[in-house]
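So you know, we letter chains A, B, ... as the sequences are listed, proteins then strands, and number each from 1.
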Amino acid sequence: MTTHTRQFNRRSILSLGGCALAMTAVVGTPALASLTDDAIAALTGGAGAVEGGISITAPEIAENGNTVPVEINAPGAVAITLFADGNPTPSVATFKFGALSASRTASTRIRLSTTQNVVAVAEMADGSFQMAKANVKVTIGGCGG
Amino acid sequence: MQVGMAASAIVGGSGFGNWARLAAQQRLSQDQLLEFDTYGNVSLIHITDIHGQLKPIYFREPSVNIGVGANAGAVPHVTGADFRKMYGIEDGSPSHYALSSGDFSSLAQGYGRVGGLDRVATVVKAIRADRPDAILLDGGDTWHGSYTTHMTQAQDMVNVMNALAPDAMTFHWEFTLGTERVTELVESLPFAALGQNIFDSEWDEPSDLFPPYKMFERGGTKIAVIGQAFPYMPIANPGWMFPEFSFGIRDENMAKMVEKVRAEGAECVVVLSHNGFDVDKKMASVVPGIDVILSGHTHDALPEPVVVGSTIVLPSGSNGKFVSRVDLDIRDGRMMGYRTKLIPIFSDVIAPDAEVAAIIDAERAPYLPELTEVLGRTDSLLYRRGNFNGTWDDLICDALLSERDAQIALSPGVRWGPSLVPGQDITREDVFGVTSMSYGQAYRSEMTGEFLKVILEDVADNIFNPDPYYQQGGDMVRTGGLGYRIDVSKPQGERISEMTLLATGERIDPSHSYVVAGWASVNEGTEGPQIWDVVENHIRKLGTVTVSENNSVDVVGL
Amino acid sequence: MASGVKPRVKVPKTAEAGEAITIKTLISHKMESGQRKDDDGNLIPRSIINRFTAEFNGENVIDVLLEPAISTNPYFQFEAIVPESGEFTFKWYDDDGDIYEAKKKVSVA
């Protein structure tokens with residue numbers, strides 16, 4: 001029988017025997033969350049954002065951390081900025097709504113390096129800021145029944 | 001027939017008590033197993049998680065099935081003697097043998113094998129004789145799990161199930177046949193292939209191939225059956241085999257579908273689900289308006305439904321061992337009551353249906369020499385179910401350690417696969433019954449101790465996260481050559497400790513690399529021999545298999 | 001122009017005046033983040049779509065700034081109002097200076 005050995009490290013895409021087990025980097029880096037706090041402070045001119053009438057819809061568990069569907073809905077917003085607080089660089093995208101936008105709703109697909117919060121900060125028409133968070137789990141997998 | 005008041009105004013009854021009382025006689029007849037006072041105006045027949053088992057088998061239910069959070073101590077997380085006590089089941093009775101663990105090997109001698117789709121056909125036909133317009137629903141995990149299913153790319157199961165004439169089906173392991181084959185088979189089906197949570201991954205739109213629901217006009221009323229496929233398909237199984245599809249629980253879309261079918265005149269809403277039992281219970285509490293959830297995936301068998309609000313949730317076991325009959329009284333736009341029976345398919349008691357038996361034999365005939373080849377013999381009970389280990393998995397891990405020259409073995413915590421009782425020959429069919437899949441390559445690689453801990457923590461969270469929506473079903477990854485302690489009450493990252501290399505008794509060093517062999521990787525391009533060949537070689541060398549007690553996982557925090 | 005870049009959009013062909021319509025867009029693009037290393041350990045340079053805009057008859061609907069955390073083959077879904085018959089113009093701005101464009105006509109009954 002031939003033997004085949006591969007050296008895996010955490011930065012590799014891994015495939016293991018747990019049942020599923022495919023992963024990129026899984027070890028959490030909570031320190032990164034403060035980068036998002038800093039970015040929000042910069043965005044809001046230090047005023048911060050309150051949780052209010054805006055929402056994020058994202059899966060509980062990402063099917064694939066490289067492409068996680070996220071929907072944001074912020075009635076009354078003029079712009080929405082999206083952050084991923086566990087990514088090495090938290091900024092994801094900024095949506096500015098124009099005159100022919102029918103709703104303050106948009107969906108996209110984003111990269112999440114690990115289990116983390118997706119954070120939306122909406123700039124409202126009156127210049128105030130609102131925010132919403134959704135936790136998305138990025139897992140190496142469980143087992144099929 | 002037991003009839004009692006359920007939590008809501010629904011009148012419920014379960015036929016379970018009747019055959020439990022036969023215990024004293026230790027005698028069963030087909031008529032007794034099928035006995036049912038036809039009730040209401042609609043009958044559902046549910047079978048799920050057959051996993052390719054055409055013929056009768058032995059199947060031992062788990063002795064370890066831990067519930068967490070709100071489900072601690074709730075069924076199906078009650079096993080063995082505690083389960084029997086909870087339902088008033090006598091020791092040694094047929095119900096004991098069919099539904100719980102304990103004394104399995106000796107009871108198997110008396111009660112024999114279970115399942116066999118020819119026996120299932122007899123039961124289905126008997127129910128249809130009672131109620132000709134009964135709705136037969138297949139909960140999925142049908143086109144996977146055996147030698148012939150692997151060799152025919154599931155044509156064997158499609159042909160046999162078509163003879164049973166189901167009305168609808170939902171899916172999980174079917175997708176591991178790959179998009180092309182699953183599409184070809186689904187397009188050939190003479191019945192509905194349902195999944196409200198099966199979406200096209202590119203545009204995030206409902207898949208054309210899998211309608212969300214089907215409306216049935218039966219018993220003078222309209223019944224909507226909504227399909228719910230396994231939500232975590234691309235995580236628990238290799239997504240690269242079916243990249244065109246996206247899944248998820250999508251309970252908001254489920255709620256929309258319930259509203260839609262009600263608006264179209266459905267007086268009864270049935271969900272044919274492959275969520276797993278705890279996920280179904282949560283979904284019943286979140287989505288209003290579902291009358292019945294026929295629950296699959298986690299392979300639980302309960303003698304009566306669990307009631308959540310005004311929804312009844314019924315799991316119907318696995319591997320062809322059970323068929324559920326659910327009679328409903330649908331009147332004035334709502335479900336007024338129900339009567340259910342989980343019918344155990346005792347293969348020596350229920351006569352095989354000749355027509356379906358002939359189809360099964362025809363499917364198997366080309367492969368009989370390979371199927372029946374004896375590889376060895378077992379002195380031990382070989383079973384799979386259990387949160388942390390099973391003797392089949394112990395044997396598979398030993399095979400990986402020995403045949404792949406590894407320090408540590410990892411084997412997936414799947415819940416399918418029949419049992420073998422002491423003294424049985426082990427055939428190639430038996431090995432395929434616990435290993436068959438489309439991604440069975442046994443890899444060999446190096447992993448650091450730190451990384452092994454990440455794996456154990458991650459898989460543990462998919463089982464012991466207190467929120468059922470984070471539970472993917474299945475059990476803990478089985479380890480060979482590696483012991484550990486798990487505190488199931490802790491959060492992810494803190495459950496696993498005292499990881500030990502069993503060969504030396506030394507603690508696992510986070511920075512040290514270990515040679516690890518495993519199988520069922522979800523990554524494309526995994527290299528290695530097929531796991532069934534690894535296991536076959538190992539069994540041939542052993543001749544007779546004896547599996548000693550496995551104490552390598554220390555479970556705390558219960 | 002970068003190779004293999006292909007925009008696709010889904011827009012209804014007809015709409016009611018003032019009605020909110022759903023628009024979906026996809027563009028095939030690798031969205032190289034600039035954070036990955038090749039087999040020799042060298043950083044692979046960033047190459048992404050950094051801006052996406054949608055206009056109808058010259059009037060803005062949505063204007064998106066993209067960072068490297070947007071997935072390969074960027075996808076957007078949003079809602080637009082069409083006051084009269086006309087044409088949507090969608091533009092994707094590549095780091096390399098290229099602009100990819102797609103147009104779709106909508107007729108208002």
Side-chain angles (χ1 to χ4, degrees), chain A residues 9 11-13 24-25 32 35-36 39 43 57-58 62-75 77-114 116 118-119 136 138, chain C residues 10 12 15-27 29-39 41 46 48-84 86-89 106:
Chain A
N9 62 52
R11 301 303 306 177
S12 318
I13 301 287
T24 50
L32 295 178
L35 294 176
T36 300
L43 180 70
T57 306
E63 291 191 346
N64 174 355
N66 289 321
T67 174
V68 181
V70 175
E71 180 183 321
I72 44 181
N73 182 21
V78 294
I80 305 172
T81 300
L82 207 53
F83 300 99
D85 76 3
N87 278 357
T89 307
S91 294
V92 175
T94 299
F95 299 81
K96 292 177 191 160
F97 297 99
L100 291 184
S101 162
S103 64
R104 302 305 185 246
T105 303
S107 299
T108 188
R109 294 170 187 160
I110 72 175
R111 292 168 168 156
L112 298 179
S113 63
T114 181
Q116 60 185 285
V118 179
V119 184
V136 178
V138 178
Chain C
K10 282 196 171 189
E16 303 282 325
E19 181 193 358
I21 59 171
T22 297
I23 293 171
K24 296 181 178 190
T25 71
L26 264 175
I27 188 163
H29 195 285
K30 61 184 184 300
M31 293 293 282
E32 188 59 57
S33 69
Q35 290 159 2
R36 295 197 316 146
K37 288 179 179 168
D38 64 18
D39 291 342
R46 174 182 137 149
I48 69 167
I49 300 283
N50 58 52
R51 186 180 176 207
F52 165 76
T53 61
E55 291 178 349
F56 183 76
N57 288 352
E59 189 99 52
N60 182 250
V61 179
I62 198 164
D63 187 338
V64 187
L65 294 177
L66 290 73
E67 302 289 344
I70 294 291
S71 303
T72 303
N73 303 338
Y75 170 86
F76 294 108
Q77 179 181 330
F78 49 93
E79 293 182 320
I81 294 167
V82 284
E84 71 275 325
E87 189 172 54
F88 279 101
T89 303
V106 181

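- In terms of heavy-atom pairs under 4.5 angstrom with chain A, the leader among C/V64, C/N50, C/T22, C/L66 is C/V64.
- Neither the backbone nor the side chain of C/I48 comes within less than 4.5 Å of any heavy atom in chain A.
- Within 6.0 Å of NZ in C/K24 there are more than 12 heavy atoms belonging to other residues, nucleotides or ligands.
- In plain terms, the two heavy atoms of C/I23 and C/T25 that are nearest each other are CG2-CG2, 4.1 Å.
- For the residue pair A/T105 and C/E79, no side-chain donor N or O sits within less than 3.5 Å of a side-chain acceptor on the partner.
- Looking at A/V70, there are no atoms closer than 4.5 Å to chain C (heavy atoms on both sides), in backbone or side chain.
- In this model, a donor atom of one side chain and an acceptor atom of the other lie less than 3.5 Å apart for C/T72 and A/R111.
- Within the 4.5 angstrom heavy-atom criterion, atoms from both the backbone and the side chain of A/A106 approach chain C.
- No side-chain donor-acceptor contact under 3.5 Å links C/S33 and C/R36.
- Interface remark: C/P83 contributes side-chain atoms only to the contact with chain A (heavy atom separation under 4.5 Å).
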